A.B. asks: 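My structure is below; once you've seen it, I'll send some questions.
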Amino acid sequence: MTPELYRIIEHTADTGFEVWGTTKEEVFGAAAKAFFSIMWQIKAKEQRGPEKIEVSGGDLEELLVNFLEEFLYLYDAKGLVCTGIEVESIKENKVHARAWLQKFNETADLELLGVKAVTYHQLFIGQRNNTWTARIFLDI
Amino acid sequence: MQELTVHNLRQIDQYRWLVPRQGKMRTDGMLFLDRNLLEHVKNDKSITQVANVAWLPGIVGRSLAMPDMHQGYGFPIGGVAAFDPDEGVVSPGGVGYDINCGVRLLRSSFTKDEVKDEIANLVNNLFINVPSGVGSKQPNLKLNKKELKKVLETGAQWAVKKGFGSQDDLLHIEESGCLGWANPETVSDRALDRGQAQLGTLGSGNHFVEVGFVDTIFEETLAKGIGLFKGQVTIIIHTGSRGLGHQVCGDYIRLLQNAARKYNFDLPDRELCCAPVHSSEGRQYLSAMAAAANFAFANRQLITEEVRRTFEQVFGRGVEKMGLQLVYDVCHNIAKFETHEVDGRQREVVVHRKGATRAFPAHHPKVPAAYQETGQPVLIPGDMGRYSYVLVGTDRALKETFGSTCHGAGRLMSRHAAKKAAKGHNVTAELAEMGVTVKGAGRATLIEEIPQAYKDVEDVVRVVHEAGIACKVARLRPLGVIKG
């Protein structure tokens with residue numbers, strides 16, 4: 001992952017990040033990748049096909065929160081981590097993506113940060129001068 | 001009275017700062033701070049958040065903030081607000097993601113000298129017996145969804161019924177370890193999925209189990225009344241409702257955002273979303289929140305049993321002989337129906353405490369029989385290197401803060417800053433030098449939670465004590481800690 005895809009924003013008790021992209025899809029993908037690299041350090045990527053992910057939300061902000069929360073759910077409930085993501089389309093308040101999922105390996109992989117939730121705190125997603133930007137804060 | 005220009009605050013006395021009602025605020029705000037803590041608070045948006053809470057419909061009394069206040073999501077951490085059950089609202093942002101994150105304290109009949117050679121052994125065994133870390137799972141407890149729903153319905157009572165602890169434990173838990181209005185059917189399948197394997201686990205971040213000892217007694221009679229003596233070994237357990245609670249909060253923030261639109265609420269922040277207490281959305285949230293709170297009560301009860309088992313392993317003696325009794329268990333993140341005196345009459349209100357502790361005085365009917373003469377024990381954990389406090393609730397708290405006080409130290413440094421500060425330091429070795437044996441699931445957590453990253457909890461406790469919204473009883477120092 002290229003580090004310049006996102007920027008960490010930290011206040012005393014808050015951890016958040018900012019991401020950029022030329023399309024909505026790109027910025028959703030970048031947000032997911034930033035989220036993964038904040039949460040885990042995965043030693044080895046398994047060679048297996050992606051799974052389809054579909055998430056819906058009332059508006060673009062809610063969609064972004066729900067999209068990231070999906071990975072928190074997969075991790076907490078099923079022990080799955082995501083090593084790759086391709087956001088195919090965002091339309092009619094739905095995001096369609098392909099995610100490369102694998103089981104978290106207790107001995108090799110590292111949990112970097114215990115994220116409780118993706119919040120609406122100072123949440124932003126929008127377009128400025130042909131660039132899509134998103135800002136998300138996590139509850140740690 | 002003194003006028004201050006910063007944030008339009010008006011200083012009432014040494015520890016009270018009024019945020020005067022203005023704009024769309026329906027009431028004043030009140031901050032319990034000294035000048036030094038106020039300087040910290042000015043660096044974030046928490047005073048604005050106190051003012052924002054005052055916008056909410058049906059708020060009763062003032063929008064309050066305790067001295068450990070800092071910026072939260074929607075409500076500030078350290079925020080307390082009460083709402084009228086008919087005209088008022090309930091807000092998931094007023095409780096937080098970690099529903100019923102809380103603390104319990106156990107006492108023992110050991111003195112510090114009797115355990116000091118076994119601390120490393122204790123910490124290692126606690127680390128094995130109490131699953132910790134981000135996605136920690138409990139291997140010895142397989143719950144199907146039906147059983148999990150029973151946990152959500154009856155909380156710590158479920159645990160005791162299954163043999164984890166005693167009836168006596170239940171008498172020493174806020175609300176006896178069960179919020180009766182919980183309804184598991186309002187908890188989503190996703191939340192159940194996240195909680196199913198996590199009952200009896202510590203989790204990560206600032207959650208911990210700490211073996212310590214009473215190093216100072218401030219009030220001999222009160223200490224005696226709650227069974228504490230100088231040099232006595234104590235155990236603190238700090239954790240909450242794990243992924244289940246986080247999911248419930250997230251689910252209901254989604255639902256209540258629509259409700260806020262439906263009921264035409266004018267909100268300054270999306271995270272303040274809320275619904276009328278008696279609306280279907282409000283009632284659903286309260287039932288689901290109570291279910292998550294019950295999960296947390298059961299969680300702390302199970303961990304207590306693991307702690308007792310570990311002591312048995314290490315010392316080869318029975319729990320009763322070691323006097324491993326529950327002193328008390330308090331919620332730090334909760335919304336509850338409580339009766340309070342407002343403008344001279346008793347009325348029911350929905351009190352939100354987000355990073356705040358209930359602090360009811362002696363002779364209050366909700367205080368257990370054992371503490372009728374002392375007041376309800378209040379447990380304030382500090383960072384892992386310094387100390388924690390035991391206080392009791394006061395009449396003044398009941399009068400001024402809906403019977404609430406502070407809950408902890410609060411961060412001073414961001415996680416990034418903590419990492420930077422810890423660079424080149426061996427955190428475990430330095431803590432060992434301070435007399436504290438620490439074992440953490442993740443090295444990252446240990447570094448982010450270094451003592452320097454937190455305010456000195458003594459500064460916070462001094463304010464609540466001097467302001468009279470709790471009374472200091474004893475100070476505890478850590479000997480051994482396991483961190484999530």
Side-chain angles (χ1 to χ4, degrees), chain A residues 7-17 38-41 55-81 93 103-107 109-125 136-140, chain B residues 40 43-45 70-74 77 93 96-98 133-137 189-198 203-207 240 242-247 249-251 253-254 257-258 261 269-273 410-417 441-445 448 453 484:
Chain A
R7 182 174 74 85
I8 297 278
I9 324 166
E10 274 206 330
H11 298 300
T12 318
D14 293 337
T15 295
F17 57 88
I38 285 171
M39 291 213 296
W40 315 301
Q41 190 179 308
V55 176
S56 48
D59 57 28
L60 204 55
E61 290 185 343
E62 194 180 305
L63 194 58
L64 182 59
V65 169
N66 292 357
F67 180 57
L68 298 181
E69 282 260 330
E70 181 69 21
F71 299 102
L72 211 49
Y73 167 75
L74 288 170
Y75 180 54
D76 239 10
K78 311 206 162 143
L80 293 171
V81 291
N93 293 335
K103 277 266 179 204
F104 181 82
N105 181 335
E106 303 258 343
T107 48
D109 300 338
L110 278 179
E111 298 161 327
L112 300 175
L113 203 58
V115 177
K116 288 178 186 160
V118 182
T119 77
Y120 288 88
H121 177 71
Q122 294 184 32
L123 178 66
F124 173 80
I125 174 158
I136 297 129
F137 279 93
L138 308 171
D139 193 32
I140 306 300
Chain B
H40 286 303
N43 295 328
D44 67 26
K45 297 188 176 70
H70 58 271
Q71 187 174 311
Y73 302 119
I77 314 289
Y97 284 96
D98 198 355
V134 182
S136 47
K137 305 217 181 331
D189 277 336
R190 296 200 136 215
L192 297 174
D193 287 344
R194 283 177 75 173
Q196 209 160 2
Q198 292 186 334
S204 71
N206 58 355
H207 294 157
R242 311 284 286 108
L244 184 138
H246 311 160
Q247 184 73 35
C249 181
D251 287 344
I253 282 180
R254 268 182 287 277
Q257 279 184 358
N258 298 329
R261 280 191 284 268
D269 180 350
R270 264 187 106 150
E271 291 260 332
L272 276 180
C273 65
R411 288 192 80 90
L412 190 60
M413 285 183 196
S414 72
R415 288 173 173 80
H416 181 72
R443 207 181 92 83
T445 313
E448 285 157 12

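Model, not experiment: these values are computed from the prediction. Lettering follows sequence order; numbering is per chain, from 1.
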A.B. asks: Measure the spacing between NZ of Lys116(A) and CZ of Arg242(B) and express it to the nearest 0.5 Å.
C.D. replies: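 If we round to the nearest 0.5 Å, Lys116(A):NZ and Arg242(B):CZ are 10.0 Å apart.
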
A.B. asks: Hey, are the side chains of Asp76(A) and Gln198(B) touching, using non-hydrogen atoms and a 4.5 Å cut-off?
C.D. replies: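 Of all side-chain heavy-atom pairs linking Gln198(B) with Asp76(A), at least one is under 4.5 Å.
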
A.B. asks: What distance do Tyr73(A) atom OH and Asp189(B) atom CG have between them, rounded to the nearest 0.5 Å?
C.D. replies: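 Between atom OH of Tyr73(A) and atom CG of Asp189(B) there are 8.0 Å.
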
A.B. asks: Looking only at non-hydrogen atoms, find the nearest pair between Val118(A) and Tyr97(B) and report the distance.
C.D. replies: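 Shortest heavy-atom separation between Val118(A) and Tyr97(B) comes out as O-OH, 3.5 Å.
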
A.B. asks: Heavy-atom pairs under 4.5 Å with chain A are the metric here; pick the option from Arg411(B), His40(B), Arg190(B) that has the most.
C.D. replies: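 Answer, by heavy-atom pair count under 4.5 Å with chain A: Arg190(B).
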
A.B. asks: Counting only non-hydrogen atoms closer than 4.5 Å, does Ile253(B) touch chain A with its backbone (N, CA, C, O), its side chain (CB onward), both, or neither?
C.D. replies: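 Contact with chain A is through the side chain of Ile253(B) alone.
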
A.B. asks: Would you say that Gln122(A) contacts Glu271(B) through its side chain, given a criterion of any heavy-atom pair below 4.5 Å between the two side chains?
C.D. replies: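 Result no, sub-4.5 Å side-chain heavy-atom pair not found.
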
A.B. asks: Non-hydrogen atoms of chain A under 4.5 Å away: do they reach the side chain of Ala417(B), the backbone, both or neither?
C.D. replies: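 It is the backbone, since no side chain atom gets that close.
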
A.B. asks: With a 4.5 angstrom heavy-atom cut-off, is it the side chain or the backbone of Gln247(B) that approaches chain A, or both, or neither?
C.D. replies: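 It is the side chain, since no backbone atom gets that close.
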
A.B. asks: Rounded to the nearest 0.5 Å, how far apart are CD1 of Ile140(A) and CG of Asp98(B)?
C.D. replies: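 Ile140(A) atom CD1 to Asp98(B) atom CG measures 12.5 Å (nearest 0.5 Å).
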
A.B. asks: Is there a donor-acceptor pair closer than 3.5 Å between any side-chain N or O of Glu10(A) and the backbone N or O of His416(B)?
C.D. replies: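 Side chain of Glu10(A) to backbone of His416(B), a donor-acceptor pair under 3.5 Å: yes, one is there.
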
A.B. asks: Looking at Arg254(B), Gln196(B), Lys45(B), which makes the most heavy-atom pairs under 4.5 Å with chain A?
C.D. replies: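 Of the options given, most contacts go to Arg254(B).
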
A.B. asks: How far apart are the C-alpha atoms of His246(B) and Glu69(A), what are their side-chain angles, what is the distance that settles it, and do they pass the side-chain contact (heavy atoms from CB on, under 4.5 Å) test?
C.D. replies: CA-CA 10 Å; His246(B) 311 160; Glu69(A) 282 260 330; over 6 Å; no

A.B. asks: For a quick test of reading the model, state the closest non-hydrogen atom pair linking Leu112(A) to Glu448(B) and the distance between them.
C.D. replies: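 Closest approach of Leu112(A) to Glu448(B): O-OE2, 4.2 Å.
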
A.B. asks: Out of Gln71(B), Met413(B), Gln257(B), Arg415(B), which one racks up the most heavy-atom pairs below 4.5 Å with chain A?
C.D. replies: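 Looking at each option in turn, the highest pair count goes to Arg415(B).
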
A.B. asks: I need the minimum non-hydrogen distance between Leu138(A) and Tyr73(B), along with the two atoms involved.
C.D. replies: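 For Leu138(A) versus Tyr73(B), the nearest heavy atoms are O-OH, 2.6 Å.
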
A.B. asks: Mind ranking Val65(A), Asp59(A), Leu123(A) by heavy-atom pairs under 4.5 Å with chain B and telling me who comes out on top?
C.D. replies: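 Most heavy-atom pairs under 4.5 Å with chain B: Asp59(A).
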
